Structure formats: structure tokens, C-alpha cells
Amino acid sequence: MRFLINGGKRLEGKIKTSGSKNSVLKLIPASLLADSPVTLTNVPQIRDVDVMIELAEKLGVKVFRNRDQLTIDPSGLKSYILDPLSSAKVRASVVFAAPLLARFGKAVITLPGGDSIGERALDTHFSMLREFGVEITQNANKFNLEWKSKKTPDIFLEEASVTATEMALILGAVSAGKVKVEDAACEPHVKDLAFFLEKMGAKISGAGHNIVEIEGKQKLTGVTHRVIPDHIDGATFAIAAAITGGKVEMTDFVYEDYRMILRYLENMGVLYQVNQNSLTILPSKLVAKKRKFQTRPWPGFPTDLMSPFIVLATQTEGTVLCHDWMYEWRIFFVDDLISMGANILIADPHRVVVTGKSKLRGDTLHCKDIRAGISIILAALVAEGQSVIRHIEIVERGYENVYERFKALGADIKVQ
């Protein structure tokens with residue numbers, strides 16, 4: 001599937017921010033802990049959710065879907081072996097290891113898939129599991145996990161890994177004593193998972209901070225839970241509005257999740273208005289007020305937004321350094337922007353120097369990963385002439401109804 005985009009159209013209108021991709025992909029595995037059905041609402045209609053449902057169903061779990069609502073019935077859970085073919089489609093598949101260990105005392109997993117944006121080892125995850133008493137053996141690309149000697153540890157994570165923190169929350173939620181996690185990740189989706197587990201019956205304090213304490217409960221109950229709005233989705237559409245000179249209101253907006261994002265947008269000259277439940281991007285003269293922008297762990301600027309931010313930099317007067325220290329392959333998508341006419345110097349695998357404002361021209365491109373894919377779509381929205389964007393299904397792994405939402409805002413976009 002591909003998009004045909006004629007650039008130069010100003011985006012105008014109102015859209016709803018989708019449910020959080022990074023949250024729901026962990027809530028689905030965590031639902032396996034419940035003794036009765038779980039209902040998740042505000043679920044984004046994205047391909048990665050489809051894969052996580054597929055993984056759960058292959059384990060014997062019944063999943064019923066009605067638009068943005070999922071009902072997950074774990075009563076039929078019968079297997080602790082995660083399907084390797086489905087696991088290879090999404091990075092979050094590894095999270096299933098935690099509830100399977102909780103339910104069976106063992107799990108068999110293979111290396112997870114996802115975007116090829118850099119080395120994403122499981123060292124921190126496995127180190128955390130060993131602190132709980134999990135024994136791990138490897139046979140080729142298969143990992144056998146056994147939770148024989150259950151411990152309630154004080155864990156200091158080697159890095160503030162989001163997924164390792166989330167897996168620790170899941171295991172801690174069913175542990176007999178108190179579990180402490182230091183150097184924990186603090187992202188909004190980590191807090192959402194903690195709130196979900198609390199509703200099910202666990203006691204968790206400190207979620208959203210780097211020290212979290214968990215008191216587990218042997219029996220967790222099914223609940224209804226609304227997935228939080230996706231600040232990455234909202235910020236991406238904010239950038240789309242800014243680079244096209246448009247005025248777009250995004251509803252289901254949570255200000256606390258955008259504080260650093262808005263600071264970075266301000267430093268690029270973006271004007272906006274915050275209301276109680278919405279963010280409106282206003283027509284702006286884009287001029288860089290700062291020379292260096294970099295990602296860092298939450299509450300810093302998210303790595304998932306650096307690719308769209310680089311597109312913003314191409315349409316902003318001034319020269320800026322964009323630094324993403326986390327993933328060494330992610331930033332190479334700028335070759336596509338350069339082919340469209342962007343003035344970008346690749347300093348090294350983690351840093352680029354962008355000088356704007358550049359006049360972009362339409363090109364034929366393909367999506368390399370979720371964030372790179374949405375970024376070349378953004379570039380096509382402001383480019384002169386027509387752009388052909390191939391492999392759109394990669395973007396649809398993480399962004400809901402891409403075609404419909406941009407079309408509704410006035411983009412000249414067709415799907416083939």
C-alpha cells in the first residue's frame with residue numbers, strides 16, 4: 001500500500017489524539033494476571049495491537065474487539081510458550097514473559113521483533129528477572145525462563161528501561177512481599193500500567209518517579225480501564241500543523257505529558273494555545289531560538305519524536321543540532337529528507353545538523369520504521385509536487401487511521 005501526497009496544503013481542523021500505543025501494548029499482557037475478564041477502552045486501531053491480540057489468542061486467551069474496546073478473558077490461558085512468528089513482529093512481545101511466569105512459573109520466548117532502529121538488547125530485562133529468582137537458559141534463539149525460587153527483591157536497574165520497569169511491575173503485582181525498583185522508567189505509559197495493576201488489587205507507590213515500591217496480591221481481579229492518550233501521536237500532529245502553517249486542535253490532551261515537548265516546540269517558534277482538554281497549534285513563524293535539541297529519559301524529550309522534530313527543523317529558520325543518543329540507526333532516515341532537498345549534515349549515527357528553512361520537493365520514498373515513516377509523510381505534506389510513500393503498513397503499526405485523519409485536516413492525500 002502507498003500514499004500519494006501533493007504538498008503545500010495548510011492543515012486545519014480538529015482531531016482526537018489516539019489511545020497510547022506504548023501503553024496498550026503492555027496492558028494486554030498484564031491482563032493475563034486477572035481472575036476474570038478485563039475491558040480496555042480507548043484502544044488505538046493499529047497493527048501492533050493486532051499482533052498482541054494474536055499472541056494472546058495463541059496462548060488460549062479469548063479476546064473480543066469492538067472498535068476501540070477490547071475485552072480480554074484469560075480464563076482459557078493454557079500455554080506458556082510464546083509463538084515465535086508473531087513475536088518477531090513486535091518488540092512488546094517480550095512483556096508476555098512476565099504474566100506467563102506469574103501464571104505458570106515458566107515461559108518460553110524468542111527474541112522480539114519491531115523496528116530496526118538500533119541495538120535493543122534484553123540484558124536489562126534478564127538481569128531484572130534474575131533478581132526475582134528467574135532462571136534463564138538459552139537454546140539457539142529460544143529462551144527458557146523458570147521462576148522456581150520466588151524472591152521479592154530490591155532492584156537497581158542497569159538503565160531506566162521502560163520495558164524492564166513494566167515487567168518488574170507485573171511480577172511485583174503478584175509477589176508475596178514488597179518489591180522495590182530503583183532507576184525505574186517514569187514515562188506516562190509506565191504510570192498507566194501501574195494504575196491498571198492498582199485497580200486490579202496490587203499496591204504501588206512512586207509510579208512516575210525513579211523509585212517504585214510494589215506490594216503484590218495473589219489474586220488480581222478483572223477491571224475496566226481506559227488507555228491514556230498518546231502524547232507521541234498528539235505531538236506528531238502538532239508538528240504537522242506547525243510545518244504547514246495551519247491551525248489544528250487536538251482533543252484528549254494531557255498537559256503534564258507535553259511539558260518538555262511544548263518547550264521544544266516553543267524554541268522552534270511554534271505558537272499554541274492550551275485549553276482544559278485540548279491543544280491548539282496556531283499559525284507560526286518558525287525560527288529556531290535554541291541551537292541544540294536532544295532526547296533523554298522522561299521527562300526529557302522522547303526519542304520517538306526526534307524524527308518528526310528533524311522534519312520541523314527543516315522548515316524552521318536557523319541551524320540546529322539534533323541528537324538522539326539512544327538508537328544508532330534511527331537517524332539515518334534523514335537520507336530521504338536530503339533527497340527531498342533538506343540541508344542536513346549527518347555528523348555521526350546519533351547527531352545531525354539541520355539548516356532551514358529548506359524548500360522540499362516531492363519524491364518516491366518508502367517507510368523504514370514507524371517514526372521515520374510518519375516523518376517522511378510530514379515532509380511530503382510541505383513538499384512541492386507529488387510524493388509517493390510506499391510501505392505505509394509500517395506506519396500503521398503505531399499510528400491510527402493515518403490516511404483518514406490527515407485527509408480530514410485538509411491534506412491532499414490518496415491511498416493506493
Side-chain angles (χ1 to χ4, degrees), residues 20-30 48 52 82 87 90-102 107 109-134 136 138 143 145 147 151 153-173 175 179-194 196-197 204 206-214 231-232 257 260 294-306 324-330 350 369-371 398:
S20 172
K21 164 189 178 287
N22 288 327
S23 182
V24 72
L25 298 187
K26 318 304 171 56
L27 295 172
I28 293 172
D48 275 9
M52 295 299 279
L82 209 57
S87 296
V90 59
R91 176 72 178 174
S93 62
V94 70
V95 179
F96 275 103
L100 293 177
L101 285 167
I109 65 172
T110 52
L111 287 173
D115 289 331
S116 298
I117 56 177
E119 185 65 30
R120 296 195 282 181
L122 297 176
D123 296 357
T124 303
H125 310 63
F126 286 167
S127 176
M128 176 274 299
L129 292 175
R130 291 188 179 98
E131 292 284 341
F132 275 96
V134 176
I136 303 170
Q138 182 176 1
F143 297 92
L145 284 56
W147 199 9
K151 302 177 182 178
D154 286 354
I155 301 170
F156 190 94
L157 294 178
E158 298 168 5
E159 60 175 311
S161 164
V162 169
T163 307
T165 301
E166 291 164 332
M167 292 173 71
L169 285 170
I170 292 172
L171 288 179
S175 295
V179 173
K180 183 178 182 181
V181 183
E182 296 187 69
D183 197 23
C186 306
E187 277 77 357
H189 33 285
V190 176
K191 292 173 60 178
D192 196 34
L193 174 61
F196 174 69
L197 294 170
I204 301 174
H209 302 278
N210 62 3
I211 299 178
V212 181
E213 293 186 344
I214 314 150
H231 59 287
I232 303 297
D257 297 344
M260 182 59 79
Q294 64 184 28
T295 61
R296 63 181 177 89
W298 195 263
F301 190 74
T303 179
D304 283 344
L305 278 176
M306 181 50 78
D324 186 350
W325 61 272
M326 191 172 294
Y327 298 124
E328 61 273 15
W329 301 337
R330 165 169 276 169
H350 296 276
D369 62 69
I370 296 172
R371 309 306 174 185

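Since this is a predicted model, take the numbers as computed values, not measurements.
- The distance from the CG atom of L145 to the CG atom of L100 is 9.5 Å, given to the nearest 0.5 Å.
- Under the 30°/60° scheme for interplanar angles, the aromatic rings of H231 and H189 are found to lie parallel.
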For F132 and I155, what are the C-alpha separation, side-chain angles and deciding distance, and is it a side chain to side chain contact (heavy atoms under 4.5 Å, CB included)? CA-CA 9 Å; F132 275 96; I155 301 170; 3.4 Å; yes
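- For the atom pair N210 CG and E182 CD, the distance stands at 8.0 Å (nearest 0.5 Å).
- Taking both residues in full, the closest heavy atoms of R91 and P112 are given as O-CB, 3.4 Å, listed atom of the first, atom of the second, then distance.
- Within the 4.5 Å cutoff, side-chain heavy atoms of L129 are placed close to those of I136.
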Assess the residue pair I232 and K21 against the criterion (side chain to side chain contact (heavy atoms under 4.5 Å, CB included)); give the C-alpha distance rounded to whole Å, side-chain angles, the decisive distance to 0.1 Å, and a yes or no. CA-CA 9 Å; I232 303 297; K21 164 189 178 287; over 6 Å; no
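- At a threshold of 4.5 Å between non-hydrogen side-chain atoms, the residues F143 and L111 count as touching.
- Counting heavy atoms from C-beta on, the side chains of V181 and L157 come closer than 4.5 Å.
- Nearest heavy atoms, L101 versus A107: CD2-N, 4.0 Å.
- Taking all atoms of both residues into account, the shortest heavy-atom contact from W147 to A102 is CZ3-CA, 4.1 Å.
- A heavy-atom distance below 4.5 Å is not found between the side chains of T295 and P302.
- Once rounded to the nearest 0.5 Å, the distance linking CD1 of I204 with CG of L169 reads 5.0 Å.
- The CG atom of D369 sits 8.5 Å away from the CZ atom of R371 when rounded to the nearest 0.5 Å.
- In this structure, R296 and M260 have side chains that are in contact, with non-hydrogen atoms separated by less than 4.5 Å.
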Go through it in stages, so that I can follow the logic: the residues are V95 and I28, the test is side chain to side chain contact (heavy atoms under 4.5 Å, CB included), and I'd like the CA-CA distance, side-chain angles, deciding distance and then a yes or no. CA-CA 9 Å; V95 179; I28 293 172; over 6 Å; no
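- The shortest distance between side-chain heavy atoms of K180 and I211 falls below 4.5 Å.
- The side-chain heavy atoms of T165 and L193, taken from C-beta on, include no pair separated by under 4.5 Å.
- S127 is linked by a side chain to side chain contact (heavy atoms under 4.5 Å, CB included) to E158, counting only residues two or more places apart in sequence or in another chain.
- Taking the side chain as every heavy atom from C-beta outward, F96 and M52 approach each other to under 4.5 Å.
- Closest approach of V190 and E166 over heavy atoms only: CG2-OE2, 4.0 Å.
- The structure places CD of E131 at 12.5 Å from CG of L171, a figure rounded to the nearest 0.5 Å.
- Annotation for S161 and T124: closest pair CB-CG2, 4.0 Å, computed over non-hydrogen atoms.
- Contact detail for Q294 and F301: the closest heavy-atom pair is O-CB, 3.8 Å.
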Residue pair D192, N22: steps toward the side chain to side chain contact (heavy atoms under 4.5 Å, CB included) verdict: CA-CA 10 Å; D192 196 34; N22 288 327; over 6 Å; no
